[in-house]
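Working notes for the structure below.
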Amino acid sequence: MFGKKWFALLAAALLLPVFSGSALAADTIKLGLPGAHTGDLAGYGLPAMNAATLVVEDINAKGGILGMKVEILAQDDQCKPELATNAATKLVTDGAIVAMGPTCTGATKAALPILMDKKIVTISPSATAPDLTQSGANPYFFRTIPSDDAQARFGVDFIQKSLKGKKIAIIHDKGDYGKGYAEFAKKFIEADGVAEVVFFEGITPGGVDYSATIMKVARTGADTILFGGYYPEASKLVTAIRSQGLEVNFVSEDGVKTDAFLELAGQDGEGVYASSSLDNSHRPAYKAATAAHEAKYGGAPGQFFYEAHAATTALLNAIQKAGSTDPDAIVKVLHTEDCETTLGAIHFDEKGDAVGIGFTMYKVVDGKYEDTKFSQQ
């Protein structure tokens, strides 16, 4: 009664809703969000995810970008390189157009070959290894935080100019971030000839106690300890310092300038110095982002929230201004046009580093980090 042609037409008609549904589902701008969302270093990754969520919700409420809503594809890498490759592969498979992250330097180094191969424009709020941008191998990678060498230079300047340190003990956590920072600091101190490096040693992350290391530092007569690494180890180091009654300054970087460090270290954290981004609390975008965080999540944002907010804003702004999701068009906007963010008006130099950001040294006073007003831009 019915010919083959009729059945073919009927089958095609039945399939139409399926294909239409897929097209609609794909009609979003997919923002990859790789980072430490669980694990010991989630204190860095979760504030970044919160920042991205707030930016995306605000943009979608205003109609999206290029007529499309923004969809977040979150992938947890726990700051572990072996998980970062899996996270990057999943983002590629799921169709990410751009990515904000990863959180840690080691994870970023592991993920970038996969992301760069597919030209996924990526901005990290916290990966600081200089070679991420200096090698020229990552033309689609950017960051909203200065590199390790810049932060190490700043830390050394603070020790020598403000603290008048002469004998410096340098400790690091053997990781890409902490060891890189420590090695640059050692290089700068030795080149300056103002102070002396009397101790240089790595510790193993996750250790229960670092008293043995602090005992060795005590025998050197060091007046300052410079630490490269993250807050879990820093909190244990300062506890060992206080328990042994060692009178030294403890100076570190943005891996320690966190509320998580304050909670873990408690009273032992008093007097600790840690560098981080310039105080941008006077900026309208900073105030708006802070208010949005407090309204949605309660409490103050954590470390790298503002850098992540700026990175997400810059990425999505570049798509809007480019009028396209073409990676080369996005990259051109990032290099050439300023974007107003929580860090101020920024764009990115030819290497991918943000122009217009810098550091301030903070000090723990009465359980809170206070700006020492020692700054560099």
Side-chain angles (χ1 to χ4, degrees), residues 34-49 75-87 101-111 124-129 148 151-152 155 169-186 199-218 222 225-244 246 248 250-269 272-276 302-304 364:
H37 304 153
T38 63
D40 291 341
L41 300 179
Y44 302 129
L46 289 178
M49 184 161 64
Q75 285 294 321
D76 181 20
D77 62 28
Q78 296 183 27
C79 273
K80 297 179 179 179
E82 64 272 20
L83 297 182
T85 55
N86 296 335
T103 306
C104 297
T105 292
T108 303
K109 286 186 174 183
S124 173
S126 46
T128 55
D148 289 335
Q151 189 163 200
I170 300 178
I171 303 172
H172 62 83
D173 66 356
K174 301 180 183 178
D176 289 317
Y177 170 60
K179 186 178 180 181
Y181 172 85
E183 288 177 338
F184 276 113
K186 182 175 184 290
F199 182 85
F200 187 92
E201 187 170 290
I203 58 174
T204 301
V208 176
D209 181 84
Y210 298 117
S211 295
T213 299
I214 297 306
M215 288 176 68
K216 288 190 280 185
V217 170
I225 292 176
L226 182 69
F227 174 66
Y230 298 111
Y231 64 85
E233 286 67 47
S235 65
K236 295 171 186 175
L237 284 169
V238 297
T239 295
I241 290 169
R242 306 310 180 213
S243 67
Q244 295 185 31
L246 188 61
V248 293
F250 188 92
V251 180
S252 194
E253 18 66 351
D254 49 16
V256 174
K257 202 263 172 182
T258 69
D259 288 341
F261 169 79
L262 298 175
E263 293 170 6
L264 287 172
Q267 186 63 31
D268 293 334
V272 163
Y273 296 96
S275 56
S276 191
Q303 180 70 326
F304 303 127
V364 180

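Taking each heavy atom of P102 and P125 in turn, the nearest pair found is O-CD, 3.9 Å. Among all heavy-atom pairs drawn from D40 and P232, the shortest one is O-CG, 4.4 Å. Summarising the geometry of V238 relative to A265, their closest heavy-atom pair is CG2-CB, 4.0 Å, with the distance given to 0.1 Å.
For F227, the ring pair (Phe, Tyr, Trp, His ring centres under 6.0 Å) test picks out no residue, with sequence neighbours left out. Y181 is linked by a ring pair (Phe, Tyr, Trp, His ring centres under 6.0 Å) to nothing, counting only residues two or more places apart in sequence or in another chain.
Rounding to the nearest 0.5 Å places NZ of K174 at 14.0 Å from CG of D176. One distance of note links OH of Y230 with CG of L41; it measures 6.5 Å at 0.5 Å rounding. Rounding to the nearest 0.5 Å places NZ of K236 at 14.5 Å from CD1 of I241. One distance of note links OH of Y177 with CD of E253; it measures 3.0 Å at 0.5 Å rounding. One distance of note links CG of D77 with SG of C104; it measures 7.0 Å at 0.5 Å rounding. The CZ atom of F199 sits 5.0 Å away from atom NZ of K216, with the distance rounded to the nearest 0.5 Å.
Between the T105 side chain and the T128 main chain, a donor and an acceptor come within less than 3.5 Å of each other. Side chain of D76 to main chain of H37: a donor-acceptor pair is present (N/O by atom type, distance under 3.5 Å, no hydrogens or angles). In this structure, Q303 contributes its side chain and Y44 its backbone to no donor-acceptor pair below 3.5 Å. With hydrogens and angles ignored, the 3.5 Å screen pairs no side-chain donor or acceptor of S235 with any backbone N or O of L264. Using a distance-only test at 3.5 Å, with no hydrogens or angles considered, no donor-acceptor pair links the side chain of T204 to the main chain of G207.
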- request: Start with the C-alpha distance between I171 and V217, add both sets of side-chain angles, then the distance that settles side-chain contact (heavy atoms from CB on, under 4.5 Å), and finish with yes or no.
  value: CA-CA 9 Å; I171 303 172; V217 170; 4.1 Å; yes
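In this structure, N86 places its CG atom where more than 12 heavy-atom neighbours from other residues, nucleotides or ligands lie under 6.0 Å away. In the displayed structure, K109 atom NZ is contacted under 6.0 Å by more than 12 heavy atoms of other residues, nucleotides or ligands.
Residues V272 and F261 are in side-chain contact: their nearest non-hydrogen atoms beyond the backbone lie under 4.5 Å apart. Between L237 and I214 there is a side-chain heavy-atom pair separated by less than 4.5 Å.
Note: F200 and H172 have tilted aromatic rings, judged against thresholds of 30 and 60 degrees for the angle between ring planes.
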